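Quick note on labels: first sequence line is chain A, next is B, and so on, each numbered from 1. If you're wondering where the values come from, they're calculated on a predicted model, not measured in any experiment.
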Amino acid sequence: MPVSLEVNGRAVSLTLDPRVTLLDALREHLRLTGSKKGCDHGQCGACTVLVNGRRILSCLTLALMHEGDHVTTIEGLGTPDDLHPMQAAFVRHDGYQCGYCTPGQIISAVATLDEIAAGIPSHATADLLAAPQVTGPEIRERMSGNLCRCGAYSNIVDAITEIAGSQG
Amino acid sequence: MRPFTFERARSPADAAASAARHPGARFIAGGTNLLDLMKLQIETPLHLIDINALALDRIEATADGGLRIGALVRNTDLAAHEGVRRDYGVLSRALLAGATGTLRNKATTAGNLLQRTRCPYFYDTNMPCNKREPGSGCSALDGVSRGLAVVGSSEACIATHPSDMAVAMRALDATVETIKPDGATRAVPIAEFHRLPGDTPHIETALEPGELITAVALPPPTGGTQVYRKVRDRASYAFALVSVAAIVRRDGTGRVALGGVAHKPWRVEAAEAELPRGAKPVAERLLADARPTRDNAFKLPLVERTLAAVLAEARG
């Protein structure tokens with residue numbers, strides 16, 4: 001079946017078996033291999049991408065469900081020569097070891113700060129009626145769907161905290 | 001995944017009618033549970049009806065002062081809605097206690113109600129499961145049952161309903177609005193929406209074949225202090241061992257619903273009369289017919305203690 005979407009600012013049209021997930025469309029059909037397939041069951045977060053500005057798990061959605069949507073992958077966030085500030089912060093803080101979860105971590109980190117700025121509460125937000133703040137507990141709760149088996153969590157939190165500070 | 005055909009529905013009536021025309025059809029909205037189960041071939045729909053383009057993504061005030069939540073409202077948007085945070089805090093809290101931001105951005109209100117159990121034997125296609133394969137037996141009865149039901153269960157099934165949101169909606173007396181393939185609409189009280197397993201654990205809700213959820217309506221705000229407390233094995237991103245949704249008024253009366261203990265959000269209205277006397281008599285009434293396994297008997301005292309903590313928090 002045909003589907004048209006915009007990926008990293010570029011209009012793409014694909015003809016796909018209905019079973020193709022958004023993740024497989026990105027990796028296997030568009031050769032954007034930055035988004036990773038970890039568990040393929042929505043448990044690890046390695047496949048996190050932005051769809052219309054919101055972070056979702058690309059392994060748990062079908063490409064056909066995204067007609068007309070705008071998808072941003074790690075390749076659309078920055079390039080080796082022009083890193084996104086969050087990418088640069090991960091490098092500075094050594095926020096990874098093997099790097100496999102990193103694209104998902106960085107997409108999720110960027111969206112996490114956007115969600116806090118938009119006033120979306122989390123389980124760690126003490127007062128539902130007050131604007132959520134960028135704190136360690138907020139970042140850890142909001143990033144809990146992005147697993148890092150190397151255990152770079154504390155450096156990841158440091159990188160996100162630094163970017164939140166530079167934005168504030 | 002098994003092969004399936006795919007269509008995009010144009011209206012709720014169109015979606016329901018198409019579901020009746022296509023044997024083995026399923027609606028897909030967020031897809032976060034259904035696609036996981038399709039990859040494992042636990043769900044094997046022959047036809048998917050994508051309902052994401054339907055205009056069911058709004059939260060509106062109702063004439064009686066309540067809220068109507070469209071079936072496609074994402075969990076993030078429902079939890080963050082100003083009126084929900086202010087007047088239905090237990091619902092915001094329950095939503096935020098479930099899953100992760102990435103999943104809540106996709107998961108819908110209706111889909112959350114229709115989540116399948118996370119019983120490990122439902123997921124293990126090498127093992128008997130009456131819910132997955134009716135008549136095959138229940139592996140959990142003599143298996144690993146730590147996370148499973150303690151009350152309302154049967155010899156056929158001891159699965160739990162995994163939703164946090166539904167527990168809050170049960171405490172709030174929500175109503176599930178639907179449309180059937182013939183175009184008829186109805187409103188089902190949430191108390192009657194989810195079923196106990198009995199000897200047909202594969203039938204989980206009151207929905208008829210092809211019937212589509214269009215909205216969930218909340219009655220006008222009840223006031224009171226609203227608390228959702230979830231006890232789980234990790235601080236985040238884990239299903240409840242036990243959860244308590246409570247609405248406690250200043251005079252000590254209120255409502256309590258439990259998650260993680262039964263095949264549906266568990267509420268016993270008669271138990272609520274005991275609320276002014278504290279957690280112990282309420283928990284005793286809620287769990288009067290409990291039949292825990294050796295693995296999950298700990299949930300009985302855990303319910304009482306969690307409820308005690310919730311009541312202490314509510315009373316400040």
Nearest heavy-atom neighbours spanning B:R8 and A:V3: NH2-CG2, 4.2 Å
Contact class of B:A97 relative to chain A, heavy atoms under 4.5 angstrom: both
Best-contacting candidate, A:G119, A:S122, A:G42, against chain B by heavy atom pairs under 4.5 angstrom: A:S122
Side-chain (B:R85) to main-chain (A:P121) donor-acceptor, under 3.5 angstrom: no
Flag for A:Q43-B:D36: side-chain donor and acceptor within less than 3.5 Å: no
Selection from B:L34, B:T5, B:L40 maximising heavy-atom pairs under 4.5 Å formed with chain A: B:L40
B:T76 and A:R54, any side-chain heavy atoms less than 4.5 Å apart: yes
Side-chain (B:N105) to main-chain (A:R55) donor-acceptor, under 3.5 angstrom: yes
4.5 Å side-chain heavy-atom contact, B:R86 and A:L128: no
Most contacts with chain B, counted as non-hydrogen pairs under 4.5 angstrom, among A:A118, A:C59, A:A111, A:G45: A:C59
Closest approach of A:H123 to B:R93 (non-hydrogen atoms, all atoms of both residues): O-NH1, 4.0 Å
Options A:I56, A:I120, A:T21, ranked by heavy-atom pairs under 4.5 Å with chain B, top entry: A:I56
Selection from B:T100, B:L95, B:L48 maximising heavy-atom pairs under 4.5 Å formed with chain A: B:T100
Minimum side-chain heavy-atom gap B:T32-A:T61 below 4.5 Å: no
Pairs of heavy atoms under 4.5 Å with chain B: top-ranked of A:N146, A:T48, A:T112, A:L129: A:L129
Toward chain B, the part of A:N52 with a non-hydrogen atom under 4.5 Å: neither
Under 3.5 Å: donor-acceptor pair, side chain of A:R19, backbone of B:M1: yes
Under 4.5 Å from any heavy atom of chain B - which part of A:D40: both
Heavy-atom side-chain contact between A:H66 and B:N52 under 4.5 Å: no
B:K106 side-chain N/O to A:L57 backbone N/O, donor-acceptor pair under 3.5 Å: no
Closest contact, heavy atoms only, B:F6 versus A:P18: CB-CB, 4.0 Å
Residue A:M65 versus chain B: region with a heavy atom under 4.5 Å: both
